[in-house]
Amino acid sequence: EAAVTQSPRNKVAVTGGKVTLSCNQTNNHNNMYWYRQDTGHGLRLIHYSYGAGSTEKGDIPDGYKASRPSQENFSLILELATPSQTSVYFCASGVRGPDTQYFGPGTRLLVL
Amino acid sequence: GDKVKQSPSALSLQEGTNSALRCNFSIAATTVQWFLQNPRGSLINLFYLVPGTKENGRLKSAFDSKESYSTLHIRDAQLEDSGTYFCAAERNNNNAPRFGAGTKLSVKP
């Protein structure tokens, strides 16, 4: 079973502060993804990566940066957090090819 | 606009009955995934589909890429089937699935 972990699981941040959400996968998957989930919107794609050193913009990248320093790790960075970024963030990994995504448990972020 | 539209947005079923959930795509989807988000918030993989059908126990899913839709059929609904069902579609050469807004299913005794 694919394993994807996220840290922290819960975070309270102040407006204007910097927030880093971390994701680790131990399955040697090439692809990793960051989504946010808000009521009525399902999961919306923020950034994704095809491998170490690569990052791609998803559908809602504004206000977020991503970093993929290694095959295992993919971070989402909020340089200047805003209350509109309060959400649940999910990381996922997947192979390149016919297979499903595997999701982490999610991180609840509250920006005050 | 919405690339993946799910219907209905919410559904209440009596235990033991059957139902179908649907996803319509405005993108040229080549693969579809179905997930269940349980009440704890965890996303559970149900199906990964290329055009065709798959079955697993009481669940059956179909994906028609030409007509741009997918369905998830639930047979003999059980209380533990409650949760939110999401579909996600992927386009060829763009390996990042896009999700629908979900169908919230409540199964009642």
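Computed from a prediction, not measured in an experiment: that's the story for all the values here. Chain identifiers are assigned alphabetically (A, B, ...) following the order of the sequence lines, protein sequences preceding nucleic acid strands; residue numbering begins at 1 within each chain.
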Student: Can you check whether B:Leu59 reaches B:Phe47 side chain to side chain, under 4.5 Å on heavy atoms?
Tutor: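 In contact.
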Student: Under 6.0 Å from the NZ atom of B:Lys60, do we count more than 12 heavy atoms belonging to anything else shown?
Tutor: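 No, the 6.0 Å shell around NZ holds no more than 12 heavy atoms from other groups.
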Student: Please look at B:Gln37 and chain A and tell me whether the side chain, the backbone, both or neither of the residue comes under 4.5 angstrom of a heavy atom of that chain.
Tutor: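 For B:Gln37, the side chain is the part near chain A, not the backbone.
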Student: Is the number of heavy atoms from other residues, nucleotides or ligands under 6.0 Å of A:Arg108 CZ greater than 12?
Tutor: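 No - once you tally the heavy atoms of other residues, nucleotides and ligands closer than 6.0 Å, there are 12 at most.
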Student: Measure across B:Gly102 and B:Thr84 and return the closest heavy-atom pair with its distance rounded to 0.1 Å.
Tutor: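 What the structure gives for the nearest pair is CA-CG2, 4.1 Å.
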Student: How are the rings of A:Trp34 and A:Phe74 set relative to one another: parallel (under 30°), tilted (30 to 60°) or perpendicular (over 60°)?
Tutor: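 Ring orientation of A:Trp34 relative to A:Phe74: tilted.
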Student: Is a side-chain donor-acceptor pair under 3.5 Å present for A:Gln71 with A:Asn28?
Tutor: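 On atom types as modelled, these side chains qualify, holding a pair under 3.5 Å.
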Student: Should A:Val95 and A:Met32 be counted in the same cluster of Ile, Leu, Val, Met, Phe, Trp and Tyr side chains packed under 4.5 Å apart?
Tutor: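 No, A:Val95 does not connect to A:Met32 through the hydrophobic network.
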Student: For chain B, which residues from residues 52-68 of chain A have at least one heavy atom closer than 4.5 Å to it?
Tutor: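 Checking residues 52-68 of chain A against chain B gives A:Gly58, A:Asp59.
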Student: Counting only heavy atoms closer than 4.5 Å, note whether A:Leu45 contacts chain B via side chain, backbone, both or neither.
Tutor: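 For A:Leu45, side-chain heavy atoms alone lie under 4.5 Å from chain B.
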